There are 2 protein chains.
Amino acid sequence: MTLSDIDFPTPGEGDDCRMVREILDLIGDKWTLYIIATLKDGPVRFNELRRRIDGISQRMLTINLRSLERDGLVKRTLFPTIPPRVDYELTDVGRTLLAPVMTLVTWANSNQENIKGARIRYDAS
Amino acid sequence: MTLSDIDFPTPGEGDDCRMVREILDLIGDKWTLYIIATLKDGPVRFNELRRRIDGISQRMLTINLRSLERDGLVKRTLFPTIPPRVDYELTDVGRTLLAPVMTLVTWANSNQENIKGARIRYDAS
DNA sequence: CAGGATCCAAAATGATACTG
DNA sequence: CAGTATCATTTTGGATCCTG
């Protein structure tokens, strides 16, 4: 399979064509990848997620979790105790996203020196 | 290879750890993926790119091409004629990004109905 | 504990006009 | 043709305070 086989939809051509872009946006934001990575081994509670994802605000964690839940990638489980407890975990669909994301992360890891060098050369001229 | 093998760097831990995030940001913006996809078959001129990528503004095309050039993923070739002609094409490194991107796009394509349904169900409640 | 609500700063994008 | 410059708008993220 070559890249020529891919039908890259162009933006602004209707809902169907926007979907791929939307899904890529999903993982393109600042925190989603970290959330998915943090959930890879099983359920994690809200504040535990907050602690493990360094630098994320309560607000952004909530917003991103809601978005992932809406897209069916994360499942939210509320235990109506006092104080309340909420577990977040990847759904089966959410788990299938791990592999594609991994290939990108792997590429990023193996090309970072490359890119760092290119930037230095570019900035020098 | 499982996702557990991946070392997801956390943000705010220094330059090295930011790199993967930066590289993912690279393709996470609104247009870069379309630019890369449009360049997959060879050199394309500036205004031809603009025509092929529906909805992109001249400004954003320029900015994103500069960024890709700085990162060594795209090569810019100026022909000093009048009027000037500028060709853009993927570098060898840029071309290696096609495969990882493809796996994500493939995932997005095969899960869009899934996600669309999840959204409808979520919004209904 | 797990958030919702509000306000504000910053970043990304868009629109428009101009130029070698 | 291939940009640059400027301004306006939209989107995104962070800080802070409040609550069942």
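The basis for the numbers below is simple: all heavy atoms, side chains too, and nothing from hydrogens, waters or symmetry mates. Note that the structure is predicted; figures quoted are calculated from it, not measured.
- In this structure, R76(A) reaches the sugar-phosphate backbone alone: every heavy-atom distance under 4.0 Å involves primed, P, OP1 or OP2 atoms, never a base.
- Rounded to a whole Å, the CD atom of E69(A) is 15 Å from the P atom of dA2(C).
- When every heavy atom of R45(B) is checked against every heavy atom of P84(B), the shortest pair comes out as NH2-O, 3.9 Å.
- Of the candidates dT4(D), dA2(C), dC1(C), dA2(C) carries the atom nearest the Q58(A) side chain, counting heavy atoms from C-beta on.
- Taking atom CD1 of residue I56(A) and atom P of nucleotide dA15(D), one finds them 12 Å apart after rounding to whole Å.
- Separating the CE atom of M60(A) from the C1' atom of dG3(C) is a distance of 15 Å, rounded to the nearest angstrom.
- Note that CD of E48(B) is 10.0 Å distant from CD1 of I53(B), once rounded to the nearest 0.5 Å.
- Here R59(A) lies in heavy-atom contact (under 4.0 Å) with a base.
- Distance, L65(A) CG to dC1(C) P: 17 Å, rounded to whole Å.
- Atom CD1 in I63(B) sits about 9 Å away from atom P in dT4(D), given to the nearest Å.
- Per the geometry, CH2 belonging to W31(B) stands 13 Å off P belonging to dT11(D), to the nearest Å.
- Applying the 4.0 Å criterion to OP1 and OP2 of dT11(D), one finds that K30(B) has every side-chain N and O outside that range.
- With dC1(D), dT13(C), dC1(C) as the candidates, the nucleotide lying closest to the side chain of P84(A) is dC1(C).
- Residue Y88(B) is classed as a sugar-phosphate contact, given heavy-atom separations below 4.0 Å to backbone atoms only.
- Both V74(A) and L78(A) are part of a single hydrophobic cluster, where members link through side-chain heavy atoms under 4.5 Å apart.
- The side chain of F46(A) lies closest to dG3(C) when the candidates are dG3(D), dT13(C), dG3(C).
- Distance CG (N47(B)) to P (dT4(D)): 13 Å, rounded to an integer number of Å.
- Proximity of a side-chain donor or acceptor of T91(A) to a complementary backbone N or O of G72(A) within less than 3.5 Å is detected.
- Atom-to-atom, CG of L61(B) to C1' of dA5(D) comes out at 17 Å; the value is rounded to the nearest Å.
- The backbone N or O of L90(A) lies less than 3.5 Å from a partner atom in the side chain of R95(A), making a donor-acceptor pair.
- Comparing atom distances between the T62(B) side chain and each of dC1(C), dG14(C), dT4(D) picks out dT4(D) as nearest.
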